[in-house]
Structures are given as structure tokens and as C-alpha cells.
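A note on names: the letters A, B, ... follow the listed sequences, proteins ahead of strands, and every chain is numbered from 1. Values below: every heavy atom of this structure, side chains too, minus hydrogens, waters and symmetry copies.
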2 protein chains.
Amino acid sequence: MGVVTIKMLAKELNLSTAAVSKALRDSHEISTATKQRVLDLAASLHYVPHPYAGSLREKRSRTIAVVIPEVADSFFSLALNGIEAVAIEKGYHALIYLTHENQEREIEILKDLESGRVDGVIMSVAMKTNTFDHIKLLHKVVPLVFFDRVCEEIDTAKITTNDYECGYLATKHLIEAGCKKIVLLSVSESLSISSKRMQGYKQALVDYQMDETLCRVIDYNEDLTRNYDLLIELLKSKDRPDGIVATVSKMTTEIYLACMELGIKIPNDIKVVCFSNDSNAPIFNPSLTTITQPAFEMGKLAATILFKALKRNTQVLSDESAVIPSDLLIRASTTGSL
Amino acid sequence: MGVVTIKMLAKELNLSTAAVSKALRDSHEISTATKQRVLDLAASLHYVPHPYAGSLREKRSRTIAVVIPEVADSFFSLALNGIEAVAIEKGYHALIYLTHENQEREIEILKDLESGRVDGVIMSVAMKTNTFDHIKLLHKVVPLVFFDRVCEEIDTAKITTNDYECGYLATKHLIEAGCKKIVLLSVSESLSISSKRMQGYKQALVDYQMDETLCRVIDYNEDLTRNYDLLIELLKSKDRPDGIVATVSKMTTEIYLACMELGIKIPNDIKVVCFSNDSNAPIFNPSLTTITQPAFEMGKLAATILFKALKRNTQVLSDESAVIPSDLLIRASTTGSL
DNA sequence: TTTATTTACTTAATCGGTTAAGTAAATAGT
DNA sequence: ACTATTTACTTAACCGATTAAGTAAATAAA
């Protein structure tokens with residue numbers, strides 16, 4: 001144990017630390033012979049400059065923070081890959097923070113990030129977050145880019161997908177497949193993507209003159225077993241829905257399992273479309289129709305915009321926001337007539 | 001933009017930085033009145049101590065690195081959750097590094113980690129890694145714990161699962177289900193888990209007196225389309241296997257899709273068992289029999305052992321290694337007789 | 001030869017925090 | 001009343017690296 005420092009190199013070579021530092025950075029102030037001696041020793045002792053020393057002096061850490069609800073979720077893990085790909089290319093490091101959809105945790109994390117630990121932050125807001133002071137405070141101090149789950153009130157770049165259209169499209173797709181009683185499974189009203197998807201859903205119901213007394217929105221929450229019970233109850237009720245739009249992919253397993261348990265056939269008895277990035281959707285029983293978000297691209301773009309601002313040493317501009325459309329991938333869970 | 005420093009607080013309050021620092025740490029050398037003034041100002045300016053300043057002086061960063069092949073993989077994302085849960089509890093931060101199964105990338109990452117950036121490293125070796133000098137060099141400088149994909153040659157704690165037994169068990173399960181021609185889809189011979197799983201497979205073939213000319217090991221690689229072609233070829237061949245043991249979960253989709261394409265029925269024509277942590281295995285078509293690893297627990301234990309060593313300020317000891325068994329979860333993809 | 005410039009370094013300050021050591025003033029002890 | 005101790009600070013060194021400013025010696029120019 002024990003890391004090699006510039007001081008050790010200097011001592012070993014009878015030089016000042018300044019000379020060693022300059023030699024390593026190939027300064028013209030150092031003779032070729034000395035440079036070689038320094039380089040040789042640095043290589044043989046496997047010297048790596050201490051990043052925090054440099055960060056302190058240069059007032060930048062070459063590190064960004066990625067604050068996301070969860071990694072065990074295809075959307076976020078793909079987005080993370082996109083972010084990471086750009087970070088690597090720019091020589092940056094990525095600190096990952098998981099909020100687990102919890103506001104208190106998110107507050108703690110963002111408070112910590114006010115310290116100067118990172119040069120910039122890319123985040124996707126937790127489902128349970130309904131106040132935004134902690135984000136505003138961070139935004140005063142560090143460049144910030146939102147992706148997917150944004151905070152509308154904060155003036156910065158936001159990378160989103162066309163949530164309203166997708167809510168509309170998913171619903172329209174079910175209507176065209178013959179569904180009359182369409183339920184939207186939603187989460188957190190405070191979340192912008194949730195409300196946009198819901199607005200799209202509602203507009204589709206209106207545009208296609210659906211009987212809205214038969215359609216409703218059901219709020220999903222964090223308690224998984226309660227959600228399952230909720231689903232079972234929903235599927236047992238006499239005006240059982242014949243179509244489900246699930247706004248988060250996490251719900252998929254439970255919907256399928258609940259239907260299996262009750263002997264309800266997808267797509268014959270009920271049709272299901274989920275917002276999901278699960279690459280296994282094609283091999284589900286039945287294969288699942290999804291609204292699939294451009295996760296990797298969204299992460300990549302969010303990171304690109306952040307790094308552009310870091311390079312210019314400016315604020316992240318809200319007019320750099322972008323909307324990358326999602327795809328409706330039609331599979332067996334919504335095909336065949338009812 | 002601009003972070004609040006202790007110097008600003010000191011200036012504002014007409015105190016030395018030392019006094020402010022001590023007040024913030026509730027030192028007895030500072031009067032109650034002064035402490036209150038400092039605390040009030042710190043709160044109102046939202047002061048957060050700069051972590052790198054402290055790290056430099058205390059020679060510890062309260063940060064660990066997690067080096068894994070991929071996040072978009074249930075096993076690793078769950079393990080990461082386990083690691084993160086412990087890190088949070090201990091007040092540590094986690095830097096995530098993705099090797100993307102690439103040795104060069106892994107070498108670069110580990111070299112960087114020799115800098116003192118982190119206090120400890122938890123890693124799972126990349127598939128393509130076949131030399132270990134870079135890991136040995138890191139291990140000289142920083143406490144290291146392996147999980148799942150370990151490097152046998154390095155004397156440190158290793159958290160694994162019972163790979164040999166699982167390879168054996170999966171194969172035995174197929175044999176008992178009536179399979180005669182069992183193929184093992186494997187990756188990277190240099191990886192310890194791979195070879196252990198394969199050894200278990202081979203031993204099961206011997207113990208149950210299978211005709212080994214009908215069974216074989218096929219090497220999967222990084223090129224996904226080539227793998228798909230390989231599978232199609234395998235499934236079209238005249239002595240087509242009637243059982244597949246897939247040692248990595250990534251293969252699942254392709255196996256299912258290839259079978260669909262060729263009209264081969266699982267489990268009637270071929271039975272499939274995969275090493276997988278995908279929570280959607282129960283809703284696959286057909287539901288997938290899996291060997292499921294205790295991912296979260298493995299991550300949690302790896303982190304616990306690392307933090308124990310950090311606390312004691314000692315080496316991580318290899319006798320703290322542990323093996324947490326996986327489960328065979330039997331589902332439809334291996335049931336029914338052939 | 002004398003001065004100017006270049007070469008090849010060293011010294012010292014800095015980043016933001018912590019802490020050992022120093023100090024003046026107030027309080028306590030005898 | 002006089003020393004001893006406590007209180008409540010300040011000064012200065014340090015962590016590891018970078019860099020502006022300083023410096024001695026060698027070389028070039030006048």
C-alpha cells in the first residue's frame with residue numbers, strides 16, 4: 001500500500017518537485033537528459049498523478065455526477081452507457097448516485113454535490129420528488145443537464161423524449177386494436193413525464209370519442225406487493241379493462257404474472273403496451289408491444305451538451321434542450337382483435 | 001457558479017480559517033457564541049466542505065471504485081445496488097467504471113486507480129482479460145476485493161458463487177429431463193467462472209455416462225451477429241442439440257429468437273437453462289429455467305469486506321473470501337419430456 | 001571585456017481544508 | 001498579589017501537484 005508521489009520521484013532524483021512536475025509535462029525549462037531520467041523513474045515506479053491535488057489547484061475535477069433513480073432498469077443503464085461513452089472520450093470520470101426514487105436521498109446527494117466534487121451533473125429526477133429547492137440550489141453552483149425526468153422550473157438543458165405523443169400513440173394504438181376500457185397505470189403526479197404521458201392518453205380518449213367512464217388512471221406506487229394486489233383487484237373487477245398502458249417498465253412483470261394467475265389471456269382478453277427498453281420484450285409470453293425510448297442517445301446527448309458547456313466554461317443553456325422521439329414497437333401483446 | 005469555501009466564511013466573520021474549521025467540527029477550543037455564528041452563516045450560504053481538500057490531507061478519499069464489465073446486465077446492476085447500499089451506509093462514494101469486457105479499457109482504468117483517487121476497489125474481471133499484471137500492480141497500492149469474476153492468482157478476498165456446482169446442476173437437470181445432446185455455450189476460457197462452470201458440465205456428463213461425442217462446448221464471443229449465425233448453424237445441424245446450458249444471460253434472447261426463427265419448440269424440441277438474474281425470466285415464452293446468482297448479496301458482502309479492511313487499515317485478507325450459492329429455478333423451458 | 005540572454009533549474013505561493021503549536025487575555029488557585 | 005491554568009482564538013505547516021517568480025551558471029552578443 002502506498003501511492004507514488006511527485007515528491008518521491010524528486011527525492012530519488014535529487015530534484016525539486018517543480019522540476020519533476022515540469023519534466024512530466026514536457027516543459028522547455030527542463031533539459032532533455034533530466035526529462036528522460038524523470039520519465040524513466042516515473043514509468044518504473046508506476047507513478048500516476050494524484051487527481052485531487054490537481055483538481056484543487058485547477059478548480060476542476062474532470063469528474064461529473066450522474067444522478068439517477070436506479071441502475072437495474074434498462075432505460076437508465078442504457079442511458080448511463082451513453083453518458084459514460086462520452087465521458088470516457090473527454091477524459092472525464094463519472095460518479096454514479098442512485099436515488100432509489102427517494103426524495104430525501106436525492107436531497108442529500110445534491111447537497112453533497114454542491115461541494116465542488118464534480119464539474120457538472122446529469123440527472124433524472126426521482127419519482128417521489130415534489131419540491132425542487134435542492135435542485136435549484138445545486139444549479140446555482142454547478143452546470144446541470146436533465147434527461148428524461150426533468151424539472152420544468154429550472155432553466156437549463158433538458159433531454160427528453162416525446163412523452164405526450166407517446167402517451168397519445170400508445171392509447172390510439174389500443175383503441176385501433178379494439179380496446180374500449182383502457183387503463184393507464186401511472187406513477188407520481190409531480191413527475192413531468194408522467195403527466196405528459198397522461199395528457200397524451202387523455203387527449204387520445206377525447207379524440208377518439210371513447211367512453212371515459214370506462215377508462216381511468218391508476219396510480220402505482222413504491223410498494224410492490226401492494227401494486228400487485230391493486231392489479232389483481234383491477235383485473236378481477238366486473239368492468240375489467242381490455243387495454244393497459246403501463247408508463248413504467250417495472251410494471252410489466254406484475255401485469256403478466258397477474259394475468260397468468262387469473263387466467264386472463266394477453267392479447268385476447270386484454271391488450272398491453274408498456275413504456276420499456278427491455279431488450280427481452282420480443283421473447284415475452286406474449287411478446288410485448290413497447291414504447292421504446294432512445295436511452296443511449298439521450299444519455300449521450302445529455303453528456304455532450306454538458307461537456308460543451310464545461311469546455312466553454314459557461315452555463316448550460318436551456319435552448320440546447322432536445323426531444324428525441326421514441327418508437328412504438330408493435331408486438332403480440334396488442335395484436336389480434338378482441 | 002462558484003462554491004462556498006471556508007475562507008469566505010472566515011472573511012465574512014472576521015475569523016481565521018482555522019477557527020471556522022474547528023467551529024464546524026464542534027471543537028472545544030471555540031466559544032459557543034462563535035460556533036453559532038459560524039454554523040448560521042455556513043447554513044445560510046449552503047457551505048459544503050470540499051472533499052478533495054480533506055482527502056488530500058487525510059490521505060483517504062472516502063470513495064471506492066467499482067470496476068465491472070457492464071451495467072445493462074441484471075447481475076451487475078443488482079450487485080452494484082448491493083455495493084452501493086453498503087457504501088452509503090458507510091458514508092462513502094462509489095465511482096463506477098465499465099470495462100465493456102475489454103482488456104485494454106480495464107488496464108487504463110486500473111492504472112488510473114493507482115493514483116490514490118479511491119481508497120479501495122471492488123471488481124469483476126472483463127471477459128477478454130487474459131493477463132493480470134495490471135491487477136497485480138493495483139493490488140500493491142489499494143485494497144481490492146473481487147466478486148464473481150475473480151483473478152485466482154491474486155491473494156485477496158473473492159466473493160463468488162458455486163459455479164462448478166451450478167454447471168454440474170444445470171447439466172444434471174437437463175440430463176434428468178431427458179436430454180442426450182447437451183451443448184454448453186461458453187465464453188472466454190481465461191475467465192475462472194467460465195472454466196468452473198464448464199468443469200461442472202463435463203463432470204456431469206461423465207457421472208451420468210452421457211455420450212460425449214454428442215455433447216460439446218461452443219465458444220461465444222463479442223460479435224453479436226456472429227453469435228446469432230453460430231446459433232442458427234448449430235440449430236440447423238443434423239445432430240442438433242436437445243439441451244443448451246448458456247453460461248451468460250446475454251445469450252438468452254438470441255437463443256429464443258433463433259429457435260423461433262427455425263420453428264424449434266422450447267422445451268419440446270430443445271430445453272434451455274441459462275445463468276441469469278433477469279427478473280422477467282418467469283414471463284418469457286416459455287418461462288426460462290435459470291441458475292440465478294445472489295447478485296445483491298455478493299455485492300453487499302464484497303463491499304462489507306472491503307470496508308472492514310479500510311476501517312482496520314489493513315490488507316484485504318483472502319481468508320475472508322466467501323462462496324454464496326446460486327439457485328436453480330426450474331421453469332417451463334426445461335419441463336416436459338422430449 | 002562587459003552586458004544580455006538563454007538554460008536549467010529552485011523557491012515559494014496556491015488550491016481548501018485540518019491540526020499542531022503558539023499566544024494574548026481572562027479566570028482560577030494559592 | 002502573583003503565578004497557573006483555561007479559554008478562545010491565530011499562525012503556520014501540511015496533503016500533492018502546478019506555476020509564477022527568482023537565481024545561478026553558461027552562452028551569446030556588443
Trainee: Quick check on D/dA17: is either OP1 or OP2 less than 4.0 Å from any side-chain nitrogen or oxygen of A/R25?
Mentor: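 False: A/R25 side-chain N/O out of range (4.0 Å or more) of D/dA17 OP1/OP2.
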Trainee: Measure from CZ on B/R37 to P on D/dA8 and round the result to the nearest Å.
Mentor: 13 Å
Trainee: Report which part of the nucleic acid A/S31 touches: base, sugar-phosphate, or nothing (heavy-atom distance under 4.0 Å, all strands).
Mentor: sugar-phosphate
Trainee: With heavy atoms under 4.0 Å as the rule, sort B/S21 into base, sugar-phosphate or nothing.
Mentor: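 The residue B/S21 makes base contact.
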Trainee: Nearest whole angstrom, please: distance from the P of C/dT5 to the CD of A/E29.
Mentor: 18 Å
Trainee: Please figure out whether B/G54 or B/H28 has its closest DNA chain D nucleotide nearer the 5' end.
Mentor: B/H28
Trainee: With the side chain of A/A18 defined as its heavy atoms from C-beta on, choose the nearest nucleotide among C/dT11, D/dA17, D/dT10.
Mentor: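 The answer is C/dT11, which lies nearest to the side chain.
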Trainee: What nucleotide, of C/dG16, D/dA17, C/dT11, holds the atom closest to the side chain of A/K59?
Mentor: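 Selected nucleotide (nearest to the side chain): C/dG16.
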Trainee: What's the CG-C1' distance between A/L13 and C/dA8, to the nearest Å?
Mentor: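 For the pair A/L13 CG and C/dA8 C1', the rounded distance is 15 Å.
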Trainee: Tell me the interatomic distance from A/E58, atom CD, to C/dA13, atom C1', rounded to whole angstroms.
Mentor: 16 Å
Trainee: Find the distance B/I6:CD1 to D/dT10:P and express it as a whole number of Å.
Mentor: 13 Å
Trainee: Would you kindly compare B/Y52 and B/K22 by the position of their nearest DNA chain C nucleotide and give the one closer to the 5′ end?
Mentor: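 Nearer the 5' end of the strand: B/Y52.
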Trainee: Output the single nucleotide from C/dG16, D/dC9, D/dG16 whose closest atom is nearest the side chain of B/T5.
Mentor: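 Out of C/dG16, D/dC9, D/dG16, the nucleotide with an atom closest to B/T5's side chain is C/dG16.
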Trainee: Across the strands shown, which category fits B/T34 at heavy-atom distances under 4.0 angstrom: base, sugar-phosphate, nothing?
Mentor: sugar-phosphate
Trainee: Does A/E101 come within less than 4.0 Å of A/R149, counting only side-chain N to carboxylate O?
Mentor: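 Salt bridge: yes.
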Trainee: Which nucleotide sits closest to the side chain of A/A19: D/dT11, C/dC9, D/dG16?
Mentor: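 Selected nucleotide: C/dC9.
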Trainee: Using the rule side chain to side chain contact (heavy atoms under 4.5 Å, CB included), only one of A/I30, A/L13, A/N14 pairs with A/R37; which is it?
Mentor: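 Exactly one option meets the side chain to side chain contact (heavy atoms under 4.5 Å, CB included) with A/R37, and it is A/L13.
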Trainee: Nearest whole Å is fine: how far is C/dG17 P from B/K7 NZ?
Mentor: 9 Å
Trainee: To the nearest 0.5 angstrom, please state how far the CE atom of B/M8 sits from the CG atom of B/L41.
Mentor: 11.0 Å
Trainee: What ring-ring contact (aromatic ring centres under 6.0 Å, His included) pairs are there with at least one residue in residues 22-48 of chain A, not counting sequence neighbours?
Mentor: none
Trainee: Nearest whole Å is fine: how far is C/dT19 P from B/L56 CG?
Mentor: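 My rounded result for the distance is 14 Å.
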Trainee: Between A/S27 (side chain) and A/K22 (backbone), is there a donor-acceptor pair under 3.5 Å?
Mentor: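 Side chain of A/S27 to backbone of A/K22, a donor-acceptor pair under 3.5 Å: no, none is there.
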Trainee: OP1 or OP2 of C/dG16 sitting under 4.0 Å from any side-chain N/O of B/R57?
Mentor: no
Trainee: Take atom NZ of B/K11 and atom P of D/dT10, then tell me their distance rounded to the nearest Å.
Mentor: 16 Å
Trainee: What's the closest nucleotide to the side chain of B/A53 if the choices are D/dT10, D/dA17, C/dG16?
Mentor: C/dG16
